[in-house]
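Notes to accompany the following structure.
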Amino acid sequence: MPLVTSTEMFKKAYDGGWAVGAFNVNNMEIIQGITEAAQELNSPLILQVSSGARKYAKHVYLMKLVEAAVEDTGLPICLHLDHGDSFELCKSCVDGGFTSVMIDGSHLSFEENIELTRRVVEYAHERGAVVEGELGRLAGIEDKVNVSAEDASYTRPEEVEEFVSRTGVDSLAIAIGTSHGAYKFKPGQKPQLRFDILEEVAKRLPGFPIVLHGASSVIPEFVKMINENGGDMPDAIGIPEEMLRKAASMAVCKINIDSDLRLAMTGTIRKYFNDNPSHFDPRQYLKPARAAIKEMVARKISTVLGSNDKI
Ligand code: G3H
Ligand code: 13P
Ligand code: ZN
């Protein structure tokens, strides 16, 4: 099976009240951990690549690794550019075989965002790829851009119909209080999301797939593992799983997860070195890291996303 777009998965997810996991990938072990979990649970998948990941590993390596995963597992996998920041980057990913791209014009004015997104949609659609746009601005760190809480802004539901109809986007990322990275809420702060905004957006765009970025739960077990093995992470609070389940049961069809993968991998490797200080064969510490990713993703698929047995 070749790489697929997210069109079919989103249709099923919307109608079934579940969501597809969109996991960020940078290397072979991360790709294998995620795809092995999805294969065992018969779950569709979106693997996404940020511009930073593409610079780190090179387009061709990630492309071939994901193609290998498709061949190895037989899964329907959509390969997506995460947070594309220019027409040229989106074009290069579409030309290079990605089946989906995000053009993130959320920092631009409404009109500029529409113009840039519309151009990307036109290019991608002519070549069979789909496009995710964004309205509203999440706080947190993505690539080298750090958006402070003051500069973040919720999506304005009154803008979504015009944005979708004038751009032709296939899905829309919205800002309802999630943020990128491991520090989403301050210690002592009660996590809260603006489900009223999601509801209003869904009412205005019936049947249209909504995307939730910054959706890691910042799993405490891995933060603890990092800190018990020489790390020094401040208290980190993520998005509670029940909120993600609620979003998935509504119009959210794509849930983006990166930080939880990083924490699982780093926690496991730190523990490995603490337990085995004399080891230096990368396979020895990458093997348990890959297994931890697999286990964590399997749990997300079956208990948070609900995408198991949906192929
Ligand atoms: O939203 C951003 C993702 O977590 C990707 O992060 O740009 O550091 O690869 P990155
Ligand atoms: P997290 O940092 O919460 O994992 O968000 C990832 C993301 O939104 C990628 O686009
Ligand atoms: Zn994101």
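These figures come from a predicted structure and were not determined experimentally. Just so you know, ligand 1 is whichever comes first in the structure, and atom 1 is the first atom listed for that ligand.
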Salt-bridge contact Glu71-Lys64 (side-chain N to carboxylate O under 4.0 Å) | no
Phe195 atom CZ, neighbour heavy-atom count above 12 within 6.0 Å | yes
Among Ala215, Gly214, Ser217, Ser216, closest by heavy atom to atom 8 (O) of ligand 2 is Gly214
So which bit of Leu138 gets within less than 4.0 Å of ligand 2, heavy atoms only: side chain, backbone, both or neither?
-> neither
Give the numbers and elements of all ligand 1 atoms closer than 4.0 Å to a heavy atom of Ser50.
-> 5 (C), 7 (O), 9 (O), 10 (P)
Does the pair Glu295/Arg299 count as a salt bridge with the N-to-O cut at 4.0 Å?
-> no
What is the nearest protein non-hydrogen atom to atom 3 (O) of ligand 2, stated with its residue, atom name and distance?
-> Lys184 NZ, 2.5 Å
Name of the His213 atom (N/O/S only) found closest to the Zn ion (ligand 3) | ND1
Mode of Asn256 contact toward ligand 1 - side chain, backbone, both, neither (heavy atoms, under 4.0 Å) | neither
Just checking, is any N or O donor in the side chain of Asp170 or His125 under 3.5 Å from an acceptor N or O on the other one?
-> yes
closest protein heavy atom to atom 10 (O) of ligand 2 is Asp82 OD2, 2.7 Å
Do other residues, nucleotides or ligands put more than 12 heavy atoms under 6.0 Å from Arg283 CZ?
-> no
If two hydrophobic side chains count as joined below 4.5 Å and joins carry through other members, does Leu261 share a cluster with Ile301?
-> yes
Counting from 1 in the order shown, the ligand 2 atoms closer than 4.0 Å to a non-hydrogen atom of His83 are 10 (O)
Would you check whether Gln48 reaches within less than 4.0 Å of ligand 2, judged by its heavy atoms?
-> yes
Answer side chain, backbone, both or neither: which part of Asp82 comes under 4.0 Å from ligand 1, heavy atoms only.
-> side chain
Can you find an N or O of Asn26 that's nearer than 3.5 Å to an N or O of ligand 1?
-> no
Does an N or O anywhere in Asn24 fall below 3.5 Å from an N or O of ligand 2?
-> no
With backbone taken as N, CA, C and O and side chain as the heavy atoms from C-beta onward, which portion of His83 lies under 4.0 Å from ligand 1: side chain, backbone, both, or neither?
-> side chain
Report, in ascending order of atom number, the atoms of ligand 2 lying under 4.0 Å from any heavy atom of His213.
-> 8 (O), 10 (O)
With a cut-off of 4.0 Å, which atoms of ligand 2 are near a heavy atom of Ile257?
-> 4 (O)
In terms of the angle between their ring planes, are Tyr285 and Phe273 parallel, tilted or perpendicular, with boundaries placed at 30° and 60°?
-> tilted
Here the pair of heavy atoms bringing Asp82 nearest to His213 is OD1-CE1, 3.5 Å
Quick one: does Lys11's side chain have a donor or acceptor within less than 3.5 Å of a partner on Met9's backbone?
-> no
Should you measure from each heavy atom of Asn24, which atoms of ligand 1 turn up under 4.0 Å away?
-> 3 (C), 5 (C)
Does atom CZ of Arg156 have more than 12 heavy-atom neighbours, drawn from other residues, nucleotides or ligands, at distances under 6.0 Å?
-> no
Any idea which protein heavy atom is nearest atom 2 (O) of ligand 2, and the distance to it?
-> Ser259 OG, 2.7 Å
Atom 6 (O) of ligand 1: which of Arg262, Arg54, Lys55 has the nearest heavy atom?
-> Arg262
Nearest-0.5 Å distance, NZ of residue Lys224 to CG of residue Leu263 | 14.5 Å
Please calculate the NE2(His83)-the Zn ion (ligand 3)-NE2(His180) angle and round it to 10 degrees.
-> 100°
For ligand 1, is there an atom lying under 4.0 Å from some heavy atom of Gly52?
-> no
Gly181 heavy atoms within 4.0 Å reach ligand 2 at atoms 2 (O)
Is Tyr56 atom OH crowded by more than 12 heavy atoms from other residues, nucleotides or ligands, each under 6.0 Å away?
-> no
Under 4.0 Å to a heavy atom of Asp258 - the qualifying atoms of ligand 1, by number = 3 (C), 4 (O), 5 (C), 6 (O)
If you measure every N/O of His180 against every N/O of ligand 2, is any gap under 3.5 Å?
-> yes
Short N-O contact, Glu115 and Arg118, less than 4.0 angstrom | yes
Any side-chain donor paired with an acceptor under 3.5 Å for Tyr123 and Asp95?
-> yes
